[in-house]
Amino acid sequence: MTVSRDKTEQQRREEKRARVLEGLKCHAHNSGDCEKCPYDRQRRRWLRGEGRSCDCFLADDALALVEEMDVTIRALMGEFGDSCGVDGCGGADNG
């Protein structure tokens, strides 16, 4: 059961990663490709006065990915000791 949940979590991360990369490609140079951006639906809501702009959501997702990567990188470099609690860390308690 844990394997299925982990796979779902991994899929969620990959989908977010792909969405962030595509969003950054669309908005990196104000290219006007908003319709191709995965955050375009939110931009259209924002233009109607609903919620936040698409770049807020893009920034939130990008920051979350950077934070996840930072923890993983620090764990792999041994900053948390032998049992860091991060999958793939290789600590004694994590296999």
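Here the structure is a predicted model, which is why all the values come from computation and not from measurement.
Open room surrounds CZ on Arg41; 12 or fewer heavy atoms of other groups in view lie less than 6.0 Å from it.
Ion pair Arg17/Asp61 not flagged as a salt bridge, since none of the NZ, NE, NH1 or NH2 atoms sits closer than 4.0 Å to an Asp/Glu carboxylate oxygen. A salt bridge does not link Asp40 to Lys36: none of the charged side-chain nitrogens sits closer than 4.0 Å to a carboxylate oxygen. Between Arg12 and Glu68 a salt bridge is recorded (basic side-chain N to carboxylate O distance below 4.0 Å).
For the pair Leu58/Arg19, no side-chain contact is recorded, criterion being any heavy-atom separation below 4.5 Å from C-beta on. Side-chain contact between Arg13 and Lys16 is absent, with no heavy-atom pair separated by less than 4.5 Å. Side-chain contact check for Trp46 versus Asp55: every heavy-atom pair is 4.5 Å or farther apart.
Hydrophobic clustering of Ile, Leu, Val, Met, Phe, Trp and Tyr side chains at less than 4.5 Å, counting indirect connections, unites Leu24 with Phe57.
Distance alone, capped at 3.5 Å, places no donor-acceptor pair between the Glu22 side chain and the Pro38 backbone.
Heavy-atom minimum distance, Arg43 versus Cys54: CB-SG, 3.6 Å. Of all heavy-atom pairs spanning Cys37 and Gly23, the tightest one is SG-CA, 3.9 Å.
We find the CZ-OH distance between Arg44 and Tyr39 to be 15.0 Å, quoted to the nearest 0.5 Å.
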